[in-house]
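Read through the structure below, which is laid out as structure tokens, and then see the notes.
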Protein chains: 2
Amino acid sequence: MTESAGTIDVLVVDDDFMVARVHRTFVERVEPFRVVGTAHTGEQAIEAVDALRPDLVLLDLYLPDLFGLDVIPRLRTAGHDCDVMVITAAREADAVRGAVRQGVVDYLLKPFDYEDLQPRLERYATQRGRLLTTVVRGQADVDRVLAGAFAPPAGSGLPKGMSVETARLVERALRGTDGTLSAAEAATATGISRVSARRYLEYFHATGNAEVSLRYGTTGRPERRYSWRS
Amino acid sequence: MTESAGTIDVLVVDDDFMVARVHRTFVERVEPFRVVGTAHTGEQAIEAVDALRPDLVLLDLYLPDLFGLDVIPRLRTAGHDCDVMVITAAREADAVRGAVRQGVVDYLLKPFDYEDLQPRLERYATQRGRLLTTVVRGQADVDRVLAGAFAPPAGSGLPKGMSVETARLVERALRGTDGTLSAAEAATATGISRVSARRYLEYFHATGNAEVSLRYGTTGRPERRYSWRS
DNA sequence: GAACGCGGCGACCACAATGAACTCAATCTC
DNA sequence: GAGATTGAGTTCATTGTGGTCGCCGCGTTC
């Protein structure tokens, strides 16, 4: 929802007016984030989420009226599916555990610099972009979402050093054969080198599109045989 | 490793009576888990958590009265800090994303075997034990908690000379048999050589995942027989 | 048109599994 | 009880594949 065409709307929650202001300027220096509002109490935060529908809430835990973590279930009950990033001085292990249990996307300790916040926002942005295009075919895809790891191709999400054309070529070769293919066989089948074939096959394995099994019996190192997964 | 404390109380939630029964037996086969109750609807689940105070809830998403994910904020609002592991046939990307946003500890797709559930429960148990003894001194500790939430692929730190695939193969063979296996039997069962089989079995023994007993009586050197340990 | 970035390739090194040869600790034979 | 027997544990050179490094051609940019 809220497909604000790329931008990520942020609500800043901190009881200290000056601190909230600093957070705001920090966030707005990072693309494609945009601060749509500020709140200074838990109740204000809930109202603000209701009104502004942000994608992400930067949440302090020490608020005058509520403990920050108690704000989150209130949001969920109200049907909001925004993400939450905790920014707080709270170092209690219980607070961190509770935050993880509530599914916060990150937990940043005060005091912090712009250099601390910026990479975390960027990590969130890329991770968010991946999730929005994820297709769940099996357990491997689910595990990838949980681990926050790579996403399936789904277009141009290929890592550097790989091209869509070659990927399609290898994919077709792998689909074409009954049974399994080794890296060398895939190479001769596609006409590309063994090294490249192996790189793409291993990529398919990492993304969960291919399954790999080892064949023993011959002397020498065992052979990795790949098969496409539906 | 890490038998930090007592048992972990589990509530099983599934609308299908038979399925809930199966989950129950699966869970009780894993130390130190104990099933303290079963629920078949969302409302039942909430009442059961209220009454039984479990540490972990195995939650199906397709429930007759509520969507499973809507159960979680109800629990949080009621002040329960139990963990949730989703076990469902729901493959919608929205369901997975929503589950992550709610902070579930794992998400397992049906149908599944005991061999699928068991390592996930064990991972949860060790992670839980680790969290309970964590002291937060700085950002690095917080990051470790966040990363460790899902990170370890359950056995990635193998020594040189061994491969994860072969390790998994031997592990499955060892788990599969009732009773015990010798190195030679494991070799024929897996299709690898006796030497390799023994190397992995001995590794499992060294890491505490397998128990070893000697069998005498036959002429010749006594035989080391391995059995898997939970 | 020179400099740069990117993807594929050949060559080389590392590695995991193998099987033969060897060692070892039990039982068997006398 | 000493030595032969036996079958499992242990070592090691061999081997063919996995994996990496740097080069090269090609398209793109300034």
Side-chain angles (χ1 to χ4, degrees), chain A residues 150 153 155-174 177 179-207 209-227, chain B residues 153 155-174 177 179-207 210-227:
Chain A
F150 293 94
S156 59
L158 287 169
K160 290 222 165 185
M162 305 179 67
S163 72
V164 198
E165 294 81 1
T166 312
R168 290 221 185 292
L169 187 66
V170 176
E171 177 183 336
R172 203 164 303 158
L174 193 55
T177 72
T180 60
L181 277 182
S182 73
E185 288 164 3
T188 57
T190 53
I192 65 179
S193 77
R194 183 182 64 89
V195 178
S196 300
R198 195 195 63 80
R199 214 169 60 245
Y200 285 87
L201 289 171
E202 209 52 44
Y203 169 73
F204 287 143
H205 174 50
T207 56
N209 291 93
E211 219 157 329
V212 61
S213 62
L214 269 59
R215 198 175 71 176
Y216 308 86
T218 71
T219 61
R221 192 171 170 150
E223 186 182 59
R224 295 172 78 85
R225 303 200 63 84
Y226 303 84
S227 63
Chain B
S156 48
L158 286 170
K160 294 281 184 188
M162 306 178 67
S163 72
V164 273
E165 288 82 2
T166 310
R168 274 181 144 53
L169 186 68
V170 175
E171 178 184 334
R172 284 191 84 88
L174 193 54
T177 73
T180 61
L181 276 182
S182 72
E185 288 164 1
T188 57
T190 53
I192 66 179
S193 77
R194 185 176 61 93
V195 177
S196 299
R198 210 196 64 80
R199 188 186 312 130
Y200 284 89
L201 289 170
E202 209 52 44
Y203 168 73
F204 288 142
H205 175 48
T207 56
E211 224 160 317
V212 61
S213 61
L214 268 58
R215 193 175 72 175
Y216 306 85
T218 70
T219 109
R221 189 170 173 155
E223 185 183 58
R224 295 170 76 85
R225 302 200 64 83
Y226 304 83
S227 63

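Naming convention: chains lettered A, B, ... in sequence-line order (proteins, then strands); numbering from 1 in each chain. Because only heavy atoms are used, hydrogens play no part in the values below, and waters and symmetry mates are left out as well, while side chains stay in.
- Formation of a donor-acceptor pair under 3.5 Å by the B:Y200 side chain with backbone atoms of B:E171 is not found in this model.
- The base of D:dG19 is not paired with the side chain of A:R199 by any donor and acceptor separated by under 3.5 Å.
- When distances run from any side-chain atom of A:V195 to the nucleotides C:dA17, C:dT18, C:dC9, the shortest one goes to C:dC9.
- Atom CZ of B:R198 and atom P of D:dG7 are 19 Å apart (whole Å).
- When the C1' atom of D:dT17 is taken as reference, atom CZ of A:R221 falls 7 Å away, rounded to whole Å.
- To the nearest 0.5 Å, the span separating OG1 on B:T190 from OH on A:Y216 amounts to 7.5 Å.
- OP1 or OP2 of C:dC9 lies within a sub-4.0 Å distance of a side-chain N or O belonging to A:S193.
- Per the geometry, CD belonging to A:E165 stands 8 Å off P belonging to C:dG8, to the nearest Å.
- Atom-to-atom distance recorded for A:R199:CZ and A:S193:OG is 8.0 Å, nearest 0.5 angstrom.
- Distance, A:L214 CG to C:dA17 P: 7 Å, rounded to whole Å.
- Here A:R215 contributes atom CZ and A:T180 contributes atom OG1; the two are 7.5 Å apart, rounded to the nearest 0.5 Å.
- Contact check, A:S196 against C:dC9: a side-chain N or O comes under 4.0 Å of OP1 or OP2.
- Checking C:dT18, C:dG8, D:dG18 against every side-chain atom of B:I192, the shortest atom distance belongs to C:dT18.
- Side-chain to base pairing of A:R194 with C:dG10: no donor and acceptor N or O lie closer than 3.5 Å to each other.
- Look at B:T166 and you won't find any side-chain N or O under 4.0 angstrom from OP1 or OP2 of C:dA16.
- For D:dT17, the OP1/OP2 oxygens have no side-chain nitrogen or oxygen of A:S182 closer than 4.0 Å.
- B:R224 places its CZ atom 11 Å from the C1' atom of D:dA8, with the value rounded to the nearest Å.
- With rounding to the nearest 0.5 Å, the separation of CD in B:E223 from CG in B:L181 is 10.0 Å.
- The distance from atom CZ of B:R225 to atom P of D:dG9 is 10 Å, rounded to the nearest whole Å.
- OP1 or OP2 of C:dA17 lies within a sub-4.0 Å distance of a side-chain N or O belonging to B:Y200.
- Protein atom OH of A:Y216 is 17 Å distant from nucleotide atom C1' of C:dG19, rounded to whole Å.
- Rounded to an integer number of Å, the gap from CG of A:L181 to P of D:dT17 is 15 Å.
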